[in-house]
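What follows is a single structure, written as structure tokens, with notes after it.
Below, each value reflects all heavy atoms present in this structure, side chains not excepted, and no hydrogens, waters or symmetry copies. Below, chain A is the first sequence line, B the second, and so on; all start at residue 1.
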Amino acid sequence: MKKYLISKFDEAKNKLEYLNEVPLQLSAPASKDHGDLATNIAMMLTKKLKRSPREVAAEILENLNLDENIVVKTEIAGPGFINFFFSENFTVGIIKEIIEKGEDFGKSDKYSGRKANVEFVSANPTGPLTVGHGRNAVLGDTVSNMLEWVGYEVDREFYFNNAGRQMRVLGDSVKHRYLQLLGEDIEFPEDYYQGEYISEIAKELFEEFGDALKNEPPEGKFKEKAENAIFDDIKKTLGSANIKMKNFFNEYSLYEDGKINDVLKKFEEKNLTYKKDDALWLKLTDLGAEQDKVIIKSTGEPTYRLPDIAYHITKFKRGYDLIVDVFGSDHSATYPDVLAAVKALGYDTEKVRVLIYQFVTLIKEGKVVKMSTRKANYVTLDELIEEVGKDVLRYFFIMRNASSHLNFDLSLAKKQSEENPVFYLQYAHARIASILRMTKDEGLNYSLERLDKLATPEEQNLIKKLYDFPEEVLTNAEHLEPHKIANYLEELATLFHKFYTECRIIGVEKELSEARISLAVAAQTVIRNGLTILGLSAPDRM
RNA sequence: GCACCCGUAGCUCAAUUGGAUAGAGCGUCUGACUACGGAUCAGAAGGUUGAGGGUUCGAAUCCUUCCGGGUGUACCA
């Protein structure tokens, strides 16, 4: 529908040059009374032309040259909106397109040939993934899916650091548990990793090596074993939430490849660093930040900032057209520094999009659960998946805007599982599957011959919603807003249920029946495709 | 103190990126199966969009000042 109007507006530009002055905005009004599409263009022009918006609207309409068989009615409404009402025969064509394209309906080639890197999860292997990582993982995976749907070739990337103080503490935590197993009476430091998994790793080492590791340093076998075990665990967890990951990028490789030194050299060339108190500082104030930051400590160790900068530079050098970082709000203060530094070295930071999400508050039996990996006071993602299932988990994490705080009420997610929005969507899909099984038994099949018979408001509303799907996918991918796909699917499911309630599919005359079967197949296809983008299953029975 | 994010129905959240009468779900109340899945549908009640000021044809959305919550503000990551 939009394409048609856009082409008509383009034609009209020859006669009304002022149409070039402002961008054409076409949107579907909230209320059906206002037509299928509306534009505010007359109101936007009112100031420039110094004429009343309704007068401008009338002039535009006169010059649009619309086909009455396609646009059956136009009107100038309210302060100066132009409303367009489309013919029913124009919209039903979408059913044919949906059925033809099937699982590809909604995909776009707008960004094909371009490469995107989506960095997400990026947890250090010090413990199992927790609820907090869950939102990150689901967001990153879903955004990746969306980008793929609009044509990008997406690399999903997990950045981690298996060196440094945290990992030493991890190794030493395991060693302490190991020594305790050997019967040594040593105290377990409070600020060490308290989780049960540490003891399990220690036990495995004991079973494998007996007491032979008594004098092994914490950074040796202990750390190595812990890292491997925890990483295996993380990968397993991601798999069970249907989260795909391609690259695991080790921070340490940046040192081995000399990338860190390269960056330091470049900073020096550009005179962006200075020494103070034995530390090396980056002149971030020259780049617009509020204060300079240390990039190499007086001990000679770099701070996290330096490898982060080097890491982002590798993303540019690997040729990505789009670089997405999925970060929790605790990083919101640090990424501007990294981007400023990368920009100062000559890279186009316009390519970087940072998706910041607010924290998840887990509520268990009415109480807020405060979480800390170190204190082992957390709920793991595995536990959550086991309790509510991967579909509910993914849906709860994705259905809200990333920028808003999310309350995850564990008892509610379980208890309400029957009234859960995710089941509402899946139910619509299963319901259609059930009808299709039944029509098949009756010897009925879909037919595109008499789609013009789909004339009730319920049928038309559903068709128009289906029509929106490709654009929903496209704009929401561009804005990195996966929650809107979930919202869209809920609205679509509602319209389907209304159609189902009002319109019999079986037991009406054959032509109408077959047209309605076509509509049901189309609706099922779109629901299934939407669920696929969200990483959810589309069951035929529930 | 300063920076960023948030504040919308009793609760959890939407709102086509500045558009028309601010919408859903849960909860509450009233209805609908001798016909395709009642995990559904129809209806009711519920709002000064935290408060005040500003910008304009038009503001939940942008600017500003307060109030309240979250996160940062390290030679931790």
Side-chain angles (χ1 to χ4, degrees), chain A residues 25-31 33-34 38-40 42-44 46-47 52-53 77-81 83 122-124 126 161 164-166 251 276-281 289-291 293-305 307-308 328-334 336 356-359 361 363 396 399-409 412 416-421 423-424 426-428 430-439 442 468 471-472 475-476 479 481 483-484 486-488 490-491 493-494 496-498 500-508 513 516 520 541-542:
Chain A
Q25 287 178 27
L26 287 165
S27 59
S31 161
D33 298 338
H34 296 133
T39 179
N40 58 356
M43 279 137 53
M44 295 181 58
T46 188
K47 195 181 261 179
S52 87
F81 288 102
N83 296 339
S122 292
N124 286 341
T126 57
N161 173 13
R165 202 178 58 87
Q166 271 188 65
E251 178 185 319
K276 192 178 103 185
D277 303 332
D278 287 334
L280 190 70
W281 294 69
E290 284 192 3
Q291 47 187 312
K293 300 277 171 155
V294 169
I295 51 172
I296 295 182
K297 302 187 227 175
S298 52
T299 58
E301 274 182 300
T303 65
Y304 72 95
R305 248 174 273 269
D308 257 18
S329 62
D330 54 340
H331 282 67
S332 64
T334 66
I356 297 276
Y357 62 93
Q358 299 298 315
F359 280 143
T361 306
I363 296 167
F396 268 61
M399 69 178 174
R400 304 304 182 199
N401 193 325
S403 70
S404 75
H405 295 269
L406 180 71
N407 277 339
F408 198 114
D409 189 325
L412 209 67
Q416 279 195 331
S417 63
E418 288 198 350
E419 306 262 333
N420 210 297
F423 289 103
Y424 183 78
Q426 293 178 325
Y427 178 63
R431 207 177 201 186
I432 297 170
S434 168
I435 299 166
L436 295 180
R437 282 192 294 270
M438 217 162 287
T439 54
E442 305 258 334
D468 290 339
E471 197 186 318
E472 290 281 342
T475 58
N476 296 327
H479 292 141
E481 291 182 320
H483 75 281
K484 297 211 176 172
N487 293 161
Y488 168 84
E490 281 185 45
E491 287 164 14
T494 297
F496 171 75
H497 286 307
K498 286 184 184 184
Y500 178 88
T501 306
E502 294 299 321
C503 303
R504 303 266 324 151
I505 294 171
I506 298 172
V508 295
S513 183
R516 285 179 174 167
R541 293 174 205 271
M542 293 172 69

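If you check every strand for non-hydrogen atoms under 4.0 Å, His479(A) touches a base.
Every side chain to side chain donor-acceptor pair (under 3.5 Å) that Arg305(A) has, sequence neighbours left out, goes to Asp337(A). Judged as a salt bridge (charged side-chain N to carboxylate O under 4.0 Å, His left out), and not counting sequence neighbours, Lys293(A) has no contacts. Not counting sequence neighbours, the partners of Ser434(A) by the side chain to side chain contact (heavy atoms under 4.5 Å, CB included) test are Arg437(A), Met438(A). Not counting sequence neighbours, Glu502(A) has no partner by the salt bridge (charged side-chain N to carboxylate O under 4.0 Å, His left out) test. The salt bridge (charged side-chain N to carboxylate O under 4.0 Å, His left out) check on Glu491(A) picks up Lys465(A), with sequence neighbours excluded. Checked against side chain to side chain donor-acceptor pair (under 3.5 Å), Thr39(A) has no partners two or more places apart in sequence or in another chain. Partners of Asp468(A) under the side chain to side chain donor-acceptor pair (under 3.5 Å) rule, at least two apart in sequence or in another chain, do not exist in this structure. For the ring-ring contact (aromatic ring centres under 6.0 Å, His included) test, residues two or more places apart in sequence or in another chain that qualify with Tyr427(A) are His497(A). Under the rule for a side chain to side chain donor-acceptor pair (under 3.5 Å), Ser52(A) has no partner lying at least two apart in sequence or in another chain.
Counting to the nearest Å, the P atom of C41(B) and the CZ atom of Arg504(A) are 17 Å from each other. Following rounding to the nearest Å, Asn83(A) (CG) and U21(B) (P) show an atom-to-atom distance of 13 Å.
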Revision key, fill the gap. Here RNA chain B, pairs taken as Watson-Crick or G-U under 3.5 Å and shown with ( ), [ ] when crossing and | when to another strand, reads (((((((..((((.....[...)))).(((((.......))))).....(((((..]....))))))))))))....
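A side-chain donor-acceptor contact under 3.5 Å links Asn401(A) and Ser403(A).
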Would you list the protein and nucleotides 75-77 of chain B atom pairs, both N or O, that sit under 3.5 Å from each other?
{"residue": "C75(B)", "atom": "O2", "partner": "Ser298(A)", "partner atom": "N", "Å": "2.7"}
{"residue": "C75(B)", "atom": "O2", "partner": "Ser298(A)", "partner atom": "OG", "Å": "2.8"}
{"residue": "C75(B)", "atom": "N3", "partner": "Ser298(A)", "partner atom": "OG", "Å": "3.4"}
{"residue": "C75(B)", "atom": "N4", "partner": "Asp277(A)", "partner atom": "O", "Å": "3.0"}
{"residue": "C76(B)", "atom": "OP2", "partner": "Lys297(A)", "partner atom": "NZ", "Å": "2.5"}
{"residue": "A77(B)", "atom": "OP2", "partner": "Tyr304(A)", "partner atom": "N", "Å": "3.1"}
{"residue": "A77(B)", "atom": "N6", "partner": "Tyr304(A)", "partner atom": "OH", "Å": "3.4"}

Protein and nucleotides 57-60 of chain B: nitrogen or oxygen contacts under 3.5 angstrom:
none

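Here His34(A) packs flat against the base of A20(B); its ring centre is closer than 5.5 angstrom to the base's six-membered ring, tilted by less than 30 degrees.
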